[in-house]
Structures are given as C-alpha cells and as structure tokens.
Amino acid sequence: MAETERVPFNDLSRGMARDREIMLAATADVIDSGYAVHGSQHSSFEAELAAYLSVEHAVGVASGTDALELAIKAVMPAGRSAVLTAGNAGAYTSTAAVRAGFTPRYADVDPVTLCLTPETVLPALDDTIGVVVVTHLYGYLGDAATLRSLLDERGIALVEDCAQSIGAVRDGAYAGSFGHAATISFYPTKNLGAIGDGGAVVTRSAETAETVRQLRQYGWAGKYNATLPGGTNSRLDELQAAFLRLRLPMVDGFNARRREIIDRYRAAAESLPSGLLAVLPADGEHHAAHLAIARSDRRDEVRAALADAGIATDVHFPLPDWEQPAFARFAPAAELSATRSAVGEILSLPLFPELRDDEVERVCSAIRGLR
Ligand SMILES: Cc1ncc(COP(=O)(O)O)c(C=O)c1O
C-alpha cells in the first residue's frame with residue numbers, strides 16, 4: 001500500500017499548516033514583547049481559560065502531569081496518604097501521586113463508560129484516601145456532581161483529570177468545574193494542543209489557586225522567598241500560551257468534528273456480528289471525543305486487518321497501571337474485572353479534527369469489511 005493511501009492515526013502537521021500564519025504573527029508578538037515566561041500572553045491565557053470553563057481561577061503549568069502533581073499536593077487533606085484513581089487511564093495520575101509523595105490506589109471502572117463512577121468509587125474508600133482523581137477518559141464527562149457531594153461528606157477532595165475532556169459539558173457545567181481542582185494537558189495531540197508541552201490547574205477556590213501558583217515556582221510567596229515546601233519549577237511559556245490563546249476559541253468546533261467522525265464509525269460498525277467491533281458513543285456535549293474507542297473480542301486480529309487496509313490504530317491504554325513495573329507495588333489485592341477486561345479489548349481508531357471526509361470513509365469501509 002502506498003504511504004499516501006494510509007489513514008494516519010493523527011497528523012499534527014495539518015493543524016500546524018492551518019494555523020501557520022496566525023502562529024507566526026503570535027510568535028513575532030512574543031519576541032517583540034521581550035517576555036519568555038509569565039508575561040501578558042500567559043496571564044491573558046489563564047484568564048481566557050478560566051472564563052471558557054466558567055471557573056474562577058486557571059493556573060498555567062508545564063504539563064498535564066505536573067498539573068496533577070501540584071493539584072494533588074494542593075488539595076490533599078492533612079493526615080491522609082493515598083490517591084484513589086482508575087487503573088486504565090495511562091498511569092499519569094499514578095506518576096503524579098508518587099511524585100507528590102502519596103500512594104496510588106485503584107477503584108474499578110464502570111464496564112460501559114470505562115470511567116470511575118460513584119458506584120465504583122464508594123466501596124474503595126477508606127480513611128487513608130484523601131484525594132480521588134476522576135479521569136474523564138476519552139472525553140466522557142460522567143456524573144461528577146454526585147461524586148463531588150459523596151466525597152465532600154467524607155472529607156475527601158475530588159480532582160478531575162480533564163486532559164482528554166476539555167469542552168465537555170453536563171447540565172450546563174464544564175468538565176473541570178466540579179472538583180476541588182481540575183487538571184488539563186495541552187500536549188500537542190490533545191483537543192486543545194500546544195506546539196510543545198503545557199498544562200493547567202483550574203479551580204473555583206482562591207486558596208487552592210494560590211497554593212498551586214506557589215508550588216509551580218519553587219514554593220515562593222514572592223521572589224526568593226520560599227514559604228511552601230514541595231515547590232518545583234513548572235511554568236507554561238509565553239509562546240505556548242500565545243498558541244493556546246489562538247486555539248481556545250476553536251475547541252468547540254474541533255470537538256463537534258471529533259463527535260461527527262465517531263458517529264460515522266459507530267454507524268459503520270452497527271451491522272457487524274456481536275463482539276467483533278463496537279464503537280463507544282460520543283453522542284452529545286457531555287463528550288469531548290478525544291479518542292475514538294472501539295472494543296473487540298478479537299482486538300489484535302482486528303488491528304491487523306485494519307492495518308492491512310491501511311488504517312492506523314493504537315491502544316489507550318494497553319496495561320493497567322499496576323502491571324507496569326514502576327507501579328507493581330501498588331497492585332490491588334482484588335481483581336478489578338471491568339478494568340481488566342477493557343484493557344484487553346480496546347483499540348483506538350484515527351481521530352483528529354483535520355481528518356478528511358474521504359479518510360473517514362476509508363476507515364468506515366475497512367470497518368464494514370471486517371469478518
Ligand atoms: C488522561 C491523561 N492524564 C494526564 C495526561 C498527562 O498530560 P501530559 O502529557 O501533558 O503530562 C495525559 C496525556 O498525556 C492523559 O491522557
């Protein structure tokens with residue numbers, strides 16, 4: 001198969017080409033300003049991001065993983081030592097929890113949405129757990145309001161990981177506005193992607209925002225005056241902030257296009273025999289459609305057949321956190337059966353806003369041709 005006929009899993013060059021002129025102009029503005037970090041692009045982006053999400057505060061940091069680490073540190077109640085999360089979300093929270101000095105623990109996910117729910121979280125709680133990180137995985141925003149109130153009753157903080165869900169809305173409230181804090185990644189493939197790394201912590205609490213602001217700069221209360229232990233250097237630079245300001249107003253359109261592509265994949269898979277390939281829905285504004293996830297009883301065979309048809313696929317994510325050697329010591333005592341079966345069945349289909357209709361059709365026709 002000629003390289004030009006392949007349907008890529010993602011192709012960042014298309015978005016960069018679309019935004020080339022406006023990004024070059026923004027680059028010139030940054031250079032002319034003389035600011036490299038924490039200048040007016042950064043403060044404007046923080047304000048615009050907070051306004052978009054209808055939250056009071058947004059704090060720029062260097063990555064989504066840093067955002068998780070600093071958010072966990074900022075909201076962990078005194079005397080608690082563990083962070084409860086899902087094991088199928090790429091181990092970013094496990095990484096952050098360990099860096100923050102706490103123990104990752106795992107609850108099972110809902111077998112349909114593959115996300116934590118109040119029902120899966122409640123039985124896993126104990127009095128060591130101070131923070132629950134709910135990852136709105138693949139873009140799906142579930143019932144975060146109920147989760148928040150159940151945790152509030154128990155003195156446990158909720159952090160929403162919105163790395164994959166920026167722009168998802170439920171009952172008029174954005175992903176990121178339910179938790180004590182929420183985290184976002186601007187990694188280039190994300191729904192709001194920079195041209196480099198970046199992240200943010202958003203919160204309604206002035207106190208939490210101030211703690212994260214201190215933690216992202218050495219624990220400083222002011223220059224050369226570190227008052228808060230556990231600080232680090234985690235800054236979002238001016239260029240990335242400028243690029244993100246240009247793309248923030250495009251996110252709703254990107255998300256709508258992503259949902260439309262998933263709808264087409266779903267329709268193509270509808271007549272397949274049960275178990276061969278089912279595409280998870282992204283059928284409304286509660287879903288930011290970050291990834292097009294399908295499940296199959298014969299995942300590896302299906303991936304090979306799609307590869308033969310020139311369709312690139314991936315798996316998000318292939319191992320539960322505790323099966324990666326770095327986190328093996330945190331393996332749960334009991335089997336988490338929904339997490340376990342999901343990781344063996346999921347595959348991700350090509351999905352990015354610049355995917356062309358003819359390419360979407362090629363993926364659909366390869367899906368229809370599966371046997
Ligand atoms: C669910 C989730 N959380 C956190 C992250 C970490 O973000 P970053 O790569 O910016 O550190 C990612 C992606 O990379 C992610 O998909």
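Counting convention: from 1, in listed order, for ligands and their atoms alike. Note that these values count all heavy atoms, side chains included, but never hydrogens, waters or copies made by symmetry.
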- Charged N to carboxylate O below 4.0 Å: is that the case for E238 and R245? no
- Message: With a heavy-atom distance limit of 4.0 Å, tell me whether T135 approaches ligand 1 through its side chain, its backbone, both, or neither.
- Response: side chain
- Message: Below the 3.5 angstrom mark, is there an N/O of Y187, backbone or side chain, next to an N/O of ligand 1?
- Response: no
- Cluster membership besides L280, Ile/Leu/Val/Met/Phe/Trp/Tyr side chains within less than 4.5 angstrom, sorted by chain and number, is F9, L68, I72, V75, M76, V83, Y92, F102, L114, V131, V133, L137, Y138, V159, L291, I293, V315, F317, I346
- Of all the non-hydrogen atoms in the protein, which one sits nearest to atom 13 (C) of ligand 1, and at what distance? K190 NZ, 2.7 Å
- Message: In this structure, does ligand 1 have an atom that sits under 4.0 Å from one of the heavy atoms of H316?
- Response: no
- Message: Please list, in number order, the atoms of ligand 1 under 4.0 Å from a heavy atom of A163.
- Response: 1 (C), 2 (C), 3 (N), 4 (C), 5 (C), 12 (C), 15 (C)
- Provide, to 0.1 Å, the distance between atom 5 (C) of ligand 1 and the closest protein heavy atom, together with that atom's residue and name. Y92 CG, 3.4 Å
- Of T183, T65, D197, L68, which has the heavy atom at the shortest distance from atom 11 (O) of ligand 1? T65
- Query: If you measure from atom 16 (O) of ligand 1 to every heavy atom of H136, H290, Q164, E69, which option wins on shortest distance?
  - Reply: Q164
- Polar atom proximity, D66 to ligand 1 (N or O, under 3.5 Å): no
- Carboxylate-amine/guanidinium contact E260 R266, below 4.0 Å: no
- Considering only heavy atoms from C-beta outward, does the side chain of P353 approach that of R14 to under 4.5 Å? no
- Are R264 and E361 ion-paired here, with the side-chain N under 4.0 Å from a carboxylate O? yes
- ligand 1 atoms nearer than 4.0 angstrom to some heavy atom of S63 are 10 (O), 11 (O)
- Task: Kindly indicate, with the supporting measurements, whether the criterion side-chain hydrogen bond (donor to acceptor under 3.5 Å, both in side chains) is fulfilled by D152 and H180.
- Result: CA-CA 10 Å; D152 275 343; H180 294 81; 3.1 Å; yes
- R247/D19 salt bridge by N-O under 4.0 Å criterion: yes
- Message: Show every side-chain hydrogen bond (donor to acceptor under 3.5 Å, both in side chains) that has at least one partner inside residues 155-165, sequence neighbours left out.
- Response: H136-E160
- Shortest heavy-atom approach to atom 1 (C) of ligand 1 - which of D161, I184, V61, V133: D161
- S185 neighbourhood, listing ligand 1 atoms whose heavy-atom distance to it stays under 4.0 Å: 7 (O), 8 (P), 10 (O)
